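Report on the structure given below.
Computed from a predicted structure; not experimentally measured. Atoms within a ligand are numbered from 1 in the order they appear, just like the ligands themselves.
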Amino acid sequence: MSKSDLIIRPDRRRFLLGASGLVAGASAFRFPTPAIAQGAPLKVGLMLPYSGTFGRLGQFIDNGFRLYAEQQGGKLGGRAIEFVQIDDESKPESATDNMNRLVGRDKVDIVVGTVHSGVAMAMVKVARDTNTMLVIPNAGVNEATGPLCAPHIFRTSFSNWQVCQPMGKVMFDAGHKNVATITWRYAAGQQMVDAFKEGFTAAGGKVVEDLAVPFPEVEFQALITRIATLKPDAVFAFFAGGGAVKFVRDYAAAGLSKSIPLYGAGFLTDGTLQAQGDAAEGIKTTLHYADNLDGATNKTFSEAFLKKTGKEGDIYAVQGYDAAALLDIGLKAVKGDFTARAPMVAAMRAAKIDSPRGPVSFNKGNNPVQDIYLREVRKGQNVKIGVAGKAVDDPARGCRA
Ligand code: BEZ
């Protein structure tokens, strides 16, 4: 059976499970927590994009999570695990229904997901309404660990603020006083650009224009022409996955890379370099990972990921790997008894993960505290060239934990 055969897409799932499903808006119900017989496998719902512009990101998170579990003999905290997968297709409009299916019908114990900030917002709301444990292995939406924070909602990735605010000072200090921004018009793009602007204007910089296309559109030509007309000192961009590949290639093809340097959140060049080729050389980004990080954990992880998948690991694989590591810590603390919720979340909150990215701990909103690296694409690698922020802690604005 191929990997894609294992993925239950929403339409197929409806067919398989019959018409007894929950209706949209069912997030108002509180689902009963499944009774977990000791020794029964823990049911992990993987709600990720396995198709579309973020499809590769979801697959790498999935592989990273499974790699960690395999390294523990297929268990987390000594407890066997069983997966239920759903392809969320990065569609916010389907997210509530998809999450309700996992929680209400499939009765998963934990949900791990997702990539897209808009989809994650819907998942957080259902997780809060149903008291379901949720571990977010990518989506940076600030609210998840800010105003919507909850003891049972964790993130092993980053907040949109955290990755981009440090870039403001980096670009200003590099001599760029007038900068244009470009992104997709949705929560992650907006929040990343806002965070960059917060750091950049505080340093003394001026944003000359904010440009955006709807998600997941990849028709960039008109906006690239606009950048050529504006002639800013530099450009700050957020795109990821297939969109990042296309944007970087279009930007270089327009001949702008030499005259108007391109900077961005690290997603612009992570997991994309093979497809971007020479067009990505010289791009500087900030992220909580780099390809050449020293340290035994990154080396061991990178070798194991390559062996398992035949592909180089990236930040998405690391975030999936660390989601499993965090659950392992929580489950170990309660000897696999998932019903012991309070001591389990206390152990997760106090966790110190020796991640491939470097040391990770958690703040009051359950968001990682971590170093943000400055990287440059050199010979097809995201090479660490500095540290843009040491132990950067998202302010968790609005979190009343
Ligand atoms: C987001 O929507 O939060 C996101 C998607 C891809 C990469 C990084 C962030």
salt_bridge([X], [Y]) N-O dist < 4.0 Å:
X	Y	result
Lys75	Asp328	no
Lys125	Asp129	no
Asp371	Lys390	yes
Lys307	Glu303	no
Arg226	Glu209	yes

Contacts table for ligand 1: protein N or O within a distance under 3.5 Å of ligand N or O, distances only.
{"from": "ligand 1", "atom 1": "2 (O)", "to": "Val115", "atom 2": "O", "distance (Å)": "3.4"}
{"from": "ligand 1", "atom 1": "2 (O)", "to": "Ser117", "atom 2": "N", "distance (Å)": "2.8"}
{"from": "ligand 1", "atom 1": "2 (O)", "to": "Tyr186", "atom 2": "OH", "distance (Å)": "2.5"}
{"from": "ligand 1", "atom 1": "3 (O)", "to": "Val115", "atom 2": "O", "distance (Å)": "3.4"}
{"from": "ligand 1", "atom 1": "3 (O)", "to": "Ser117", "atom 2": "OG", "distance (Å)": "2.7"}
{"from": "ligand 1", "atom 1": "3 (O)", "to": "Gly140", "atom 2": "N", "distance (Å)": "3.0"}

Item to complete: Please state whether the rings of Phe215 and Tyr186 are parallel, tilted or perpendicular, taking 30° and 60° as the class boundaries.
Response: tilted

